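The structure under discussion appears below in the form of structure tokens.
These numbers were taken from a predicted model, which means no experiment stands behind them. Numbered from 1 within each chain, the chains take letters A, B, ... in sequence-line order.
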There are 2 protein chains.
Amino acid sequence: MGRWERTHEALAQAALELFAEHGYDATATAQIAERAGVSEMTLFRHFSTKEALLLEDPYNPLIAAAVRSRPPGEPVMRTLVESIRQAWSRIDTEDATALRARLRIVAEATTLRGAVERNSGATVAALIDALADRGVAATEARVAATAVIAGLGVALLEWARSDRITLDTALDQALMVLGGA
Amino acid sequence: MGRWERTHEALAQAALELFAEHGYDATATAQIAERAGVSEMTLFRHFSTKEALLLEDPYNPLIAAAVRSRPPGEPVMRTLVESIRQAWSRIDTEDATALRARLRIVAEATTLRGAVERNSGATVAALIDALADRGVAATEARVAATAVIAGLGVALLEWARSDRITLDTALDQALMVLGGA
DNA sequence: CCCAGAAAAGTTAGTGACTAACATTGTGGC
DNA sequence: GCCACAATGTTAGTCACTAACTTTTCTGGG
């Protein structure tokens, strides 16, 4: 692990801790840099925005693969819903708790409303690509992908907040609704 | 029209002009205040954020009314899609051009990705209320409403950018996709 | 007409995210 | 060890937005 990766990790770690302790808004980027033992400027060289410190997961390209395996001629929304169901079917408990910790922070920060959607642009783009291979027009693909990802984001946030539902059932319910049931 | 409304309007007007001239990001709030003949502080007393200068339309409560008129037991996504179709069926050309002008600015500003969604929270809330009257659970309602509004937003942006499609057809296509066709 | 009192706007000083330009220090390949 | 370059530091700034406080402008009752 080179120097770059080490400070990168240190920054992400420090950010998570501080956000959990004092909340997102109440944590200054200067603090994060300090705890990571680094200057503020360096922080912004590693993460282009404060948001990125929280939301820098590479989201599953698994979904895109699943899209390509769906039967042809299927309605777009259904394709997406089923693909997500497939891709997320096996998320270990470990990842789930980590995800929950992050989403809790998002759920509590007013400033971050919409940050998830903005950040999921990469996921949407991947989905559009996969749909294009199936002959779906770009605009329709973008509409459907954005809608599904937005809906999914809401479901995940509610799951993270509630503490009463498993990730699986939360996803199932959301995908059912999005699929038109 | 009292003093408050006059400066309010002057600010919104100045913002639109400057955004159209130089783009959203390249326009400082200080400039807007100056053109409106007012201090920067006053600007923020009228509009809580820079975004609000662009996105301060009261979105149709018509949609919520339409939701309540749909047949019971209908799938949620279908209810929403049909309600929107109903509510937006008669938008005059005048409103359409104004809308287009605003959306063009949004489409060109990277910073504003997600701003529309964040701002449409009120619309989503209204839809959730209307759906609650029909016995739809809160989480499901939120998932569906967020998804539909997000998808709709994408369609509107593409329409504003393209210049080749009418608002009606853009909406039709999007709603069809969202409805599961 | 005048003069409280409130509504609207101004002033000043600051915070916090982010950027630009340039100087400095570590690190890995030869 | 040396050298190129990657990684970090420093400084000084811009811009959105806030807080505390003062001043101007309107408005209605005597």
Please name the pair of heavy atoms, one in B:Met77 and one in B:Leu178, separated by the smallest distance, quoted to 0.1 Å. CE-O, 3.6 Å

To the nearest 0.5 Å, tell me how far A:Ile105 CD1 sits from A:Glu21 CD. 10.5 Å

Listed partners of A:Ala87 passing side-chain contact (heavy atoms from CB on, under 4.5 Å), at least two apart: A:Leu62, A:Ile63

Who are the side-chain contact (heavy atoms from CB on, under 4.5 Å) partners of B:Arg100, not counting sequence neighbours? B:Arg104, B:Trp159, B:Ala160, B:Asp163

First and last nucleotide of DNA chain D touching chain A, 5' to 3', heavy-atom cut-off 4.0 Å? D:dA7 to D:dT10

Are the side chain of A:Arg134 and the backbone of A:Pro71 linked by a donor-acceptor contact shorter than 3.5 Å? yes

Would B:Met176 and B:Asp172 count as a side-chain contact (heavy atoms from CB on, under 4.5 Å) here? Give the steps. CA-CA 6 Å; B:Met176 222 162 199; B:Asp172 273 351; 5.9 Å; no

Sequence neighbours excluded, the answer for side-chain hydrogen bond (donor to acceptor under 3.5 Å, both in side chains) partners of A:Thr169 is A:Thr166

Rounding to an integer number of Å, can you tell me how far A:Glu51 CD sits from C:dG16 C1'? 14 Å

What residues from residues 10-28 of chain A pass a heavy-atom cutoff of under 4.0 Å to DNA chain D? none

Heavy atoms under 4.0 Å, any strand shown: does B:His8 hit a base, just sugar-phosphate, or nothing? nothing

Knowing that exactly one of B:Arg102, B:His46, B:His8 qualifies, which makes a side-chain hydrogen bond (donor to acceptor under 3.5 Å, both in side chains) with B:Glu56? B:His8

Tell me whether A:Thr97 contacts the main-chain N or O of A:Glu94 through its side chain, where contact means a donor paired with an acceptor under 3.5 Å. yes

Going through the distances and angles, do B:Glu17 and B:Gln13 end up as a side-chain hydrogen bond (donor to acceptor under 3.5 Å, both in side chains)? CA-CA 6 Å; B:Glu17 290 172 12; B:Gln13 179 74 22; 3.1 Å; yes

Has the side chain of B:Arg45 got a donor or acceptor atom sitting under 3.5 Å from an opposite partner on the base of C:dG10? yes

Roughly how many Å is it from CD in A:Gln31 to C1' in C:dG16, rounded to a whole number? 11 Å

Could you check which residues of residues 34-43 of chain A get a heavy atom under 4.0 Å from DNA chain D? Sort them by number, please. A:Val38, A:Ser39, A:Met41, A:Thr42

Option from A:Ile84, A:Thr123, A:Leu127 for which side-chain contact (heavy atoms from CB on, under 4.5 Å) with A:Val148 holds: A:Ile84

Quick one: A:Phe47 CZ to C:dA17 P, roughly how many Å, whole number? 15 Å

